[in-house]
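Here is the structure we will look at.
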Amino acid sequence: MLQANERQDLAERVTDTNTMKRFSRTIQILTISTAGLLCGLLSVASATAAPTAFIHARIIPIAGPEIPDGVLVIEAGKIIAVGSFGDLSIPHDATTIDVTGRVIMPGLICSHSHIGGIGAADGSQPIQPGVRVADSLNVRDSGFKRALAGGLTTLNIMPGSGHLISGQTTYVKLRFADGSPNTIDHLFIRDDAGKALGGLKMANGTNSIREKGPWPGTRGKSAYLVREQLIKAREYQASIDRAAGDAAKLPPYDHHLATLVEVMNGTRIVHHHTHRHDDIMTVLRLASEFHLRVVLHHVSEGWQVAKEIAQAKVPCSVIVIDAPGGKLEAQHLRLETGMILEQAGVRVAFHTDDWITDSRIFNRSAALAVRAGMSRSKALEALTLAGAEMLGLQDRIGSLTPGKDADFVVLSGDPLSNYTQVLETWVEGAKAFDRSNPQDHVYAVGGYGAGHDQSPYYCCFGQGDQQ
Amino acid sequence: MKYRAWLPLSLVLIVAHLTTAVSAQVAIEGELIYTMAGQPITNGVVVIEQGKITAIGAADETPIPAGAKRLQAKIVTPGLIDAHSTVGLSGLLNQPQDQEQLEHSAALQPELRALDAYNAHDRLIRWIRSFGVTTIHTGHAPGELISGQTMIVKTVGNTVDQAMIVPARAVACSLVSAARKSGDKSPGTRGKMMSMLRAELIKAQEYAARCAAAAADGEPKADPPPRDLHLEALVRVLQGELALMVTADRAQDIANALRLAREFEIPVWLDSAAESYLLIDEIKAAKVPVLIHPTMARAAGERENLSLETAAKLVAAGIPVAMQSGYEAYVPKTRVVLFEAGRAAANGLAFEQALGTITINAARILGIENRVGSLEIGKDGDVALYDGDPFEYTTHCIGVVINGRVMPQTPR
């Protein structure tokens, strides 16, 4: 990352006191995270070397009140300062970009997406925690570009909900600034040890219920099958502990059980599809019994058990749909869910569930929730910071805070307006989507070729109609 | 937010509903009234008596009858029209017992009437009404070469008869992959689809000729053919009484629909038409209207090339365009045309053009402009009330009036 003298140099150039405090925290984070060199270098490589200051934007930092005439300064893929124009001194060597009339907010975070040609667990059995969705992803899928066109910068890509446990999810950053990456690995979000991060997808309710075994035929059987596996994983861990490092005594490695051990020790978050109020309670019961760090996803009937969810201190990733129904479990879905959960004290994020809703209009989910009574500030958090928390990435993304990744969007207007366009999407300090670029525009509005995989031979996007 | 602001009004609406659900006279005062017949009226009034609009104009020039029920709103529009839906047939639960929109026993069934399949109590009807939709063109869904008939109803009524405007309006035809079959079933290809359609229309021509011969004066008197409900429906298409609503997304399928319209001189409506932006000149020359796919339709399958700007491009070319909610097989079980037109307004359509696709222009295409689609004297008292720009995500629909009846409404 940065050398000590460069850090000092950077620090001297940022003179705002508040920013200084935040910046020193940044330095700590940077120092601590030197082990994360691999991903750091990747992002720095495409980011601008000198600082860049975006001036005169209305800034919605999420962390803190909106700034009517704001400045955002980024450098080396990170945010280094956020403040009011005039109050914040801009580094003398900064490139300034005047974005008067624009709105800047953090890159949107979708805590539940299915783009990229997902496929994890197969039809052989209902519980397959060792299978990884990452192994199925096509980095050239046009869905990634549409997500960027919607201002998304981070996704939790999940396998489907047709299994009790359908596999490991993967957290990705849309690092498309240098054109199309060649492999999905380029998008992974890694921890300090370089391990690609993700959660575990679980589901209950009707989706995993089938007519023949080994599949559950009822909800009772569904819960039993999951408990049975978690108990098995607990015993697997106990036998590892008993071996005390003696290889001869170790149980044979089991990648399914090893994954379940991760969810029970809290290092892997469970992302649990659940709609009906009683299914939600089943998840809470399971989480309590096995100490799972769980996020409830969809929660169509969450409004009926909001108090119970709040008491369990479990966050909700909510889907916003244009009409109730379409499946039995969603018949009582309401636009008021966000508002009711918020008022009960539940942490709320939204998600696209793309293809269920279109990533290009993710902001609409928050806006419709506001229409139904949710507060503006919590609705905007639900597109950003709350999602980051649900992925355990709140120290790196989700708000415009010095030290965090320079992931942000430049909007033509208010994020909750139907008429607002995403003009630019920046990922780790590099512009990954630009609406004014014809190649990006076709993904923003569609047109001939927009649905195809992104392919190098499409030299002339936007001219396809004429060819 | 505005939440508090519309609470008093919502109470007024609810109380009003409790006291008198049906009022002989209703006066709607709007800060801005989009009549869709001329310029919008600032600070205007719409007066409805016995279900019909009897006066509309500036507040200071339009007397409100004493005793009329009064409603107020920031923005007032005609009740919205959904130019193509399957609501009432494709029920909210999406379980086999509430899905009546597709009968798979045969590829060609123009004899199936929508009115026999409509559930006036389905909750989705109330749902779309709560956003201002008062009229829907609904019926059999895309998915068989000819899946059945459509009709036009109001989003009100205890029975389909009470909701009815036009019992049969179009025959639904699908030139999409969902209507092509695998194995030894027909139609399996595009060529077979067109061959089956042509053969059936020719059969209907012959049937019509025999009916005409039997009805004609002169000797010897020809016997009328046995009555054939299947061919009768197609004869009504040939005679221009029913439209052939052709769902087609790929450019070649759209071209096929236009060719069919030319060959049989039948009224064709293009439905969905994802790639219609490639054939603007051809569609314009054919004088065919387009019921454009929902703006937020998924860009997948044969719609992979859809553009959010298509409605704007077609309107700019002078092609009649109406917005639809379409058929949804899963979630959401229905879309809401207010939102779909709104997205078009954010992608190149001017505000009033977008509003036109769900009001007057939809009414003209459907042939019901004498009754609905604009706020004019003599038309049905169908009105939608909003607390702001109807296309803004955070605006609420605060009132809906159908046939002069104030519908129960929680601001939504």
Side-chain angles (χ1 to χ4, degrees), chain A residues 142-143 146 298 300 319-336 339 353-358 360-361 363-376 379 412 414-421 441-452 464-465, chain B residues 1-3 87 90-95 98 122-124 127-128 131 251 274-275 277-278 294-310 312 325 328-336 339-340 342-343 345-348 351 389-397 411-412:
Chain A
S142 61
R146 280 197 297 274
H298 305 325
S300 297
I319 190 162
V320 177
I321 297 287
D322 282 29
K327 58 187 288 175
L328 273 179
E329 294 174 327
Q331 63 170 308
H332 299 301
L333 179 142
R334 297 176 64 182
L335 295 178
E336 290 84 357
M339 180 259 288
D353 203 4
D354 199 339
W355 286 92
I356 296 296
T357 72
D358 188 338
R360 291 177 296 189
I361 44 171
N363 63 322
R364 181 173 180 268
S365 295
L368 291 184
V370 169
R371 180 190 194 115
M374 195 176 185
S375 73
R376 172 185 170 85
S412 65
D414 191 85
L416 300 184
S417 170
N418 172 44
Y419 302 105
T420 292
Q421 291 169 343
H441 189 264
V442 74
Y443 291 110
V445 303
Y448 215 73
H452 298 173
D465 302 4
Chain B
M1 266 261 342
K2 293 172 191 162
Y3 212 68
V87 162
S90 54
L92 176 143
L93 297 178
N94 205 15
Q95 298 299 302
D98 76 343
D122 192 87
R123 283 191 276 151
L124 288 177
W127 177 261
I128 58 172
F131 294 99
E275 293 178 9
Y277 57 84
L278 298 177
T295 317
M296 292 183 279
R298 294 182 183 108
E302 291 189 325
R303 283 175 170 172
E304 66 173 356
N305 295 320
L306 73 77
S307 163
L308 308 182
E309 296 173 340
T310 303
S325 64
E328 291 292 337
Y330 187 49
V331 171
K333 194 56 194 171
T334 185
R335 295 180 183 274
V336 179
F339 296 149
E340 303 301 334
R343 286 310 295 153
N347 286 279
F351 176 87
D389 175 350
F391 293 145
E392 269 298 4
Y393 295 142
T394 48
T395 290
H396 306 94
C397 178
R412 180 172 276 152

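Lettering follows sequence order; numbering is per chain, from 1.
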| said: Restricting to non-hydrogen atoms, name the atom on A:Q331 and the atom on B:R123 that form the minimum distance, rounded to 0.1 Å. | reply: OE1-NH2, 2.8 Å
| request: Verify side chain to side chain contact (heavy atoms under 4.5 Å, CB included) between A:N418 and B:E392, making sure each step is shown before the conclusion. | output: CA-CA 5 Å; A:N418 172 44; B:E392 269 298 4; 3.8 Å; yes
| remark: Looking only at A:L328, A:D354, A:V445, A:I321, most heavy-atom pairs under 4.5 Å shared with chain B are made by A:V445
| Minimum-distance pair of heavy atoms, taken over all atoms of B:H396 and A:R371 | NE2-O, 2.6 Å
| request: Decide yes or no for B:L308 and A:R360: does some side-chain heavy atom of the first lie under 4.5 Å from some side-chain heavy atom of the second? | output: yes
| field | chain B interface, residue from A:A330, A:G325, A:S375 that has the most non-hydrogen pairs under 4.5 Å | value | A:G325
| note | All heavy atoms of B:P332 vs all of A:A323, minimum pair found to be CB-N, 3.9 Å
| message | Keeping B:N94 on the side-chain end and A:G326 on the backbone end, is there a donor-acceptor pair under 3.5 Å? | response | yes
| request: Mind ranking B:T334, B:T295, B:N347, B:V336 by heavy-atom pairs under 4.5 Å with chain A and telling me who comes out on top? | output: B:T334
| task | Answer whether the closest heavy-atom distance between the side chains of A:D358 and B:R298 falls below 4.5 Å. | result | no
| field | Part of B:A251 lying under 4.5 Å from any heavy atom of chain A | value | neither
| said: Taking every non-hydrogen pair under 4.5 Å, which of A:R364, A:K327, A:Q421, A:R146 racks up the most with chain B? | reply: A:R364
| field | Top contributor to chain B contacts, counting heavy-atom pairs under 4.5 Å, from A:L368, A:I356, A:D353 | value | A:I356
| request: State the OH-CZ distance between A:Y419 and B:R343, to the nearest 0.5 angstrom. | output: 10.0 Å
| remark: Counting heavy-atom pairs under 4.5 Å with chain B, the top scorer among A:A369, A:G446, A:P324 is A:P324
| B:L93, part contacting chain A, at a heavy-atom distance under 4.5 Å | both
| Segment of A:L333 engaging chain B (4.5 angstrom heavy-atom cut-off) | neither
| request: Counting only heavy atoms closer than 4.5 Å, note whether B:Q95 contacts chain A via side chain, backbone, both or neither. | output: side chain
| query | Do A:V370 and B:Y393 touch side chain to side chain, with heavy atoms closer than 4.5 Å? | reply | no
| request: Heavy-atom distances under 4.5 Å only: say whether B:D389 touches chain A with side chain, backbone, both or neither. | output: side chain
| message | Can you give me the closest heavy-atom contact between B:E340 and A:D322, atom names plus distance? | response | OE2-OD2, 4.3 Å
| said: Is B:E275 close to chain A through its backbone or its side chain, or both, or neither, when contacts mean heavy atoms under 4.5 Å? | reply: side chain
